[in-house]
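Only a predicted model underlies this, so the values are computations on that prediction, with no experimental measurement involved. First the proteins, then the strands, lettered A, B, ... as listed; each starts at 1.
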Amino acid sequence: MRYLPLSGADREIMLARIGVSAVDALFADAPSECLRDQAPDLPRRKGEMAVERALGQLAARNVSAGSVPFFLGAGAYRHHVPATVDHLIQRSEFLTSYTPYQPEIAQGTLQYLFEFQTQVAALTGMEVANASMYDGSTACAEAVLMAQRITRRKRAVLSGGLHPHYAQVTRTVCGFAGDSISSLPPDVAASEDIISQIGPDTSCVVVQSPDVFGNLRDLAPIAEAARRAGALLVAVVTEAVSFGLLTSPGAQGADIVVAEGQSIGNALNFGGPYVGLFAARSKFVRQMPGRLCGETVDAEGRRGFVLTLSAREQHIRRDKATSNICTNSGLCCLAFTIHMTLLGGHGLRQLARINHANAVALADRLAALPGVTVLNHSFFNEFTVKLAGRDAADVVERLAARGVLGGVPVSRLLPGAGLDDLLLVASTEVNTDEDRAALADALAAVLGEIAAC
Amino acid sequence: MADTRYTKDHEYIQVTGDIGVVGITDYAQQQLGDIVFVELPEVGRSFGKGDEAAVVESVKAASEIYAPVGGEVIEVNAAIEGEPAVVNEDPTGRGWFLKLRVADAAELGDLMDEGAYRQYVATLG
Amino acid sequence: MLNRQGRPTIAAGDSPASAAEHYTFTGNRALQQIEPLLFEIGSTERCGVDLDEPAPFTARLGALEAAAPVDLPALSEPETMRHFVRLSQKNYGIDTGMFPLGSCTMKHNPRLNERMARLPGFADVHPLQPVATVQGALAVMDQLAHWLLTLTGMPAVALSPKAGAHGELLGLMAIKAAIAARGEGETRNVVLVPESAHGTNPATAALLGFRVKSVPARDDGAVHLDDVVSLLGPDVAAIMLTNPNTCGLFEPQIVEIAAALHAAGGYFYCDGANFNAIVGKVRPGDLGVDAMHINLHKTFSTPHGGGGPGAGPVVLSELLAPFAPVPFVRKGADGQLTLVEQAGEGEAARAFGRLTAFHGQMGMYVRALSFMLSHGGEGLRQASEDAVLSANYVRASLADLLTAPFGDRPCMHEALFDDAWLKDTGLTTLDIAKALIDEGFHPMTVYFPLVVHGAMLIEPTESESKVSLDLFIAAMRDLAMAAKRGDAGRFTGAPRHAPLRRLDETRAARQPVLRWTRPQPVA
């Protein structure tokens, strides 16, 4: 088999050196009634061609985003990833390397992690960032746990604009950890009064901006109110390109910022692998979960990088660790770093302007359709559309039947919340005028055919 | 003249009157390697004998420091928070961790004296 | 137990002469190039992406438009390529040479996996598209589940965890939910963890509010039934065992331990990090396991990527399956695959919640399935046999020179040595590891498991040729003999030939510098 270098002759020699006649002798500690005498009942091995055929057939049964006009967001965004990125992350020394525990032969990984941490800190407007979490949603839960450790309080307040998956993950993880979570109801109009929910027992408030409905939220008053109450503000960002055009959460007073980094450097991948960004004030660094890469020197005085402050982590503190995270998102971080290197701050701003301009153009087009209202006053590259009296999920199915992936019905994320007529529509730099026209025309046609029924 | 007692976890307590100065022994700081951080308790906290009172971290290891006897923390050594290397350099002097007002002097009797501790360390090899 | 075994982390100073004899003007050493930070060579005038100016538009950003771009420089495309290629050349990977990291299973990462994962039908698909448009993706998840269930002999699997530790969280949450459903949530709050366990085990248990009780390590490296039974009681929720264990041994009493635990009302969580030893040979379901995470990035060849991404699906017993979190794949009445996404209703009535946004690590599922399809059932079994064979070959070839903590006995897929053989040499396990770097190998896992002094855990995997194994063995033998001879010069100051020498980790921790900052002009 092409991945197994040992030949029959090799195996004989090796068995002889070990001093046993058959490999099953090495499985002697397994209970004999549990040692299987036959291979598992699974298909026979396949050469590359056969594997490509089998998986290619499965891939062909999916409608890829690039093959149709595409407008989905809701926490995962389709952006153009430059060819350089995918080429570099496939270099053997990046792809097949391990966590950099032996720093002398891992300076490649360690330096890009240091660069990644610097980029994330700058983008979020914070003092320090870690070397990634699994994704934005798990980073959000970890941030709440961190706020609990810092404040020694047990009640977290989640904004009604927080992505429902993020809220569910946070409730699940923090609930098991003994925290109480207050979730405000879905806040389509960004009109909730979260400040009145902050009390002396509050560890943190968690606010997303742009929120799941696309609204931009002013974090500064919330940060101030939290500080007065001795609580922390955790800011959440699910569209990393928005850092290019919006005032950073750090500049607005956030104590911890978590984000989904997928938009920069990483494909949609049906939901994973993604990359969680995690940044905080430097005074909280010892309470941060995840790996941290730091600068130092080697025995010849040359600058180098190492994983540091490891005593927070599971392999040293074990049951007193700040988190149980071990493997994180290495290659996805690298993709983020490379793409961010190509863009720089100016390029990211330009990319963000294109995103916003496209979204504004699309919003105007859709708002002109009868029965369609755009609800947001302000947004970045995603907004909420109200389809008067219609089931948005049904509309989306009909659009798909017409070859348009038109958005995410809010009911997919919040079923039974009375928001069935709302549709989340995202527009990034990948959308063209033709795409926008296709969506508008298809939507008009679908709404017309529903009305006619 | 302080009377110094030792625990099996390599804490020492130098007792004068009812005040005990607590830290880690030279053996402990050698075992841990270069110390990078010390987490000290708040002044005013009370511990029972054997409660976790502090944590000392080196790069590759972390150790809980247990209260050798019960008592109230009346002072902590802020200097080592900023300069943890002092614990390596002078663990029984400038590298002290905290001062306890000893609640029950009888608990001191359970601890090892200098000679017994030295013998104990010798067995650890 | 904490990790209390410190070791030197300041680089031993070397004679300045050795630096002088390597003098070059640039500081480069031929193909080993010094590469500055991108912030030191980039600028805001450059850009590696061509972006057009949008048509005029009226912004709708409210008052939240940033006044200026984020202060980060860019590089052009050629500079970016060079920057990261030069960085890559400082890294050692599985493609470079043998990577015998015990418990990590650094096997070959097939490139077919990469090609398959990049098919647009997998890579360019949004998780929230209508399910009718992603039937192929759901089919991948369904097929992966089938392979995992068949290989483990378990009835259910939760695919969503993003790494092994995330899977441990899922498993223990399911156990906690099952216990609460029995009305014992207040009383059953202890988790038993062997002293030899990986740190993620007690970290996970503590995170969920369990009290961790240690099961002591014994002289034979195994967990003993008696020790477990003495700790069992109505307060025990679960035991977390790794099998084969972190000492590389199949737990001989695992079936009896599971039975005793079940009789006492507890659940058996198995850490599946070492599954590579027994795939196709032993099914964890036959051992009494209630939940086990599988590291796709270990056992099923998805790349380690310098620290991720991983994937940690969890197989579950009948008792725990109802508590599995959302989302999961189901076949509808019409034969279409669909996703169950809401906890608390229908099939997910008792799901304990959700552990990640969206559906899990699809990119890793495709890679793992590609690997499984390539091997077939017979091939996966052969791979495990080769992994065990190779580890024992290394063990037997070094047994006369190194010391094994549990005597001369066969291991599973990894061979464990301690540092007793280094006594009186003045050298440590760390010195051996650093010298091994100069010999062209990534060191084995060192100082883990904690229960063995100066542990060296060697896992060759099935991907090593005999030529490669023989070279590794020869190098280890040479180092061992040099150590015993007192040839300290080979070791102190190693590595000498790596891109950097030993690094000052103490300084990194005492004075953390965690990001680049622009140097301030000298006043």
Side-chain angles (χ1 to χ4, degrees), chain A residues 5 10 14 18 29 34 39-40 42 44-45 58-59 61-64 72 91-93 96-97 99 104-105 107-109 118 134 137 165 168 172 267 269-273 294-296 298-299 304 308 314-316 318-319 321 324 326-331 342 344-345 347 349-350 357 378 408, chain C residues 3 11 47-48 51 54 57 62 69-70 72 74 87-88 90-95 119-121 123-127 133 136 162-163 165 199 202-204 206 250 286 305-310 353-354 357-359 361-363 376-379 381 393 396 465-466 498 500-501 508 513 515-516:
Chain A
D10 289 334
M14 291 163 74
I18 295 165
D29 276 335
C34 296
L42 287 164
R44 223 188 147 268
R45 75 175 190 214
L58 293 181
R61 288 166 57 197
N62 300 320
V63 175
S64 71
L72 277 74
R91 281 189 70 83
S92 287
E93 301 92 328
T96 73
S97 59
T99 303
E104 302 91 338
I105 47 176
Q107 285 301 299
T109 299
T118 304
Y134 306 134
S137 70
H165 285 181
Q168 288 161 31
T172 300
N269 273 312
F270 197 55
E295 184 182 315
T296 185
D298 82 340
T308 190
Q314 47 76 26
H315 56 290
I316 292 179
R318 297 173 68 90
D319 58 327
N324 76 343
C326 186
T327 295
N328 49 4
S329 295
L331 214 61
L342 289 165
R349 187 183 179 95
Q350 187 67 358
S378 63
V408 179
Chain C
N3 177 4
C47 192
L51 295 165
F57 64 99
V70 177
L72 284 172
L87 290 187
S88 76
K90 299 167 192 285
N91 270 6
Y92 189 100
I94 299 170
D95 287 355
L119 291 172
D124 194 19
V125 180
H126 191 287
T133 68
K162 304 229 156 191
T204 305
F250 197 103
D286 295 336
R354 172 183 276 275
F358 310 124
H359 323 314
Q361 303 284 68
M362 180 65 184
E378 180 67 57
R381 179 179 162 99
Y393 181 63
S465 67
K466 187 168 170 301
L500 285 187
R501 306 289 299 278
V513 175
R515 60 176 293 185
W516 179 83

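- In summary, the aromatic rings of His359(C) and Phe270(A) are positioned with their centroids under 6.0 Å apart.
- Both the backbone and the side chain of Phe358(C) come within contact range of chain A, judged by heavy atoms closer than 4.5 Å.
- Heavy atoms closer than 4.5 Å to chain A are found in both the backbone and the side chain of Arg354(C).
- Residue Arg61(A) touches chain C through both its backbone and its side chain, counting heavy-atom pairs closer than 4.5 Å.
- With Ser64(A) contributing its side chain and Val125(C) its backbone, the two residues share no donor-acceptor pair below 3.5 Å.
- For Leu119(C), the part lying near chain A is the side chain, with the backbone staying farther off; criterion is any non-hydrogen pair under 4.5 Å.
- With chain A as the partner, the residue from Val70(C), Asp124(C), Thr133(C) showing the most heavy-atom pairs under 4.5 Å is Asp124(C).
- Ranked by heavy-atom pairs under 4.5 Å with chain C, the first of Gly344(A), Pro273(A), Gly304(A), Ser378(A) is Pro273(A).
- Scanning both residues, Arg501(C) and Asp298(A), for their nearest heavy atoms gives N-OD2, 2.8 Å.
- Heavy-atom minimum distance, Gly345(A) versus Pro69(C): O-CB, 3.7 Å.
- When the candidates Gly305(C), Pro54(C), Gly376(C) are compared by the number of heavy-atom contacts under 4.5 Å with chain A, Gly305(C) comes out ahead.
- When all heavy atoms are compared, the tightest approach of Gly199(C) to Pro202(C) is O-CD, 3.3 Å.
- More than 12 heavy-atom neighbours from other residues, nucleotides or ligands sit within 6.0 angstrom of CZ on Arg381(C).
- For chain C, the option among Arg44(A), Glu104(A), Arg45(A) with the highest count of heavy-atom pairs below 4.5 Å is Glu104(A).
- By number of non-hydrogen pairs under 4.5 angstrom with chain C, the leading residue of Val63(A), Asp29(A), Ile105(A), Leu331(A) is Ile105(A).
- Contact tally against chain C (heavy-atom pairs below 4.5 Å) for Gly347(A), Ala267(A), Ala357(A), Ser97(A): the top residue is Ser97(A).
- Taking chain A as the reference chain and counting heavy-atom pairs below 4.5 Å, the highest number among Ala357(C), Gly62(C), Gly353(C) is found for Ala357(C).
- The greatest number of non-hydrogen atom pairs below 4.5 Å with chain A, out of Ala396(C), Ala123(C), Ser465(C), is found for Ala123(C).
- Counting all heavy atoms, side chain and backbone alike, Gln361(C) lies closest to Pro309(C) at NE2-CB, 3.8 Å.
- Between the side chains of Ser88(C) and Arg91(A), at least one donor N or O sits under 3.5 Å from an acceptor N or O.
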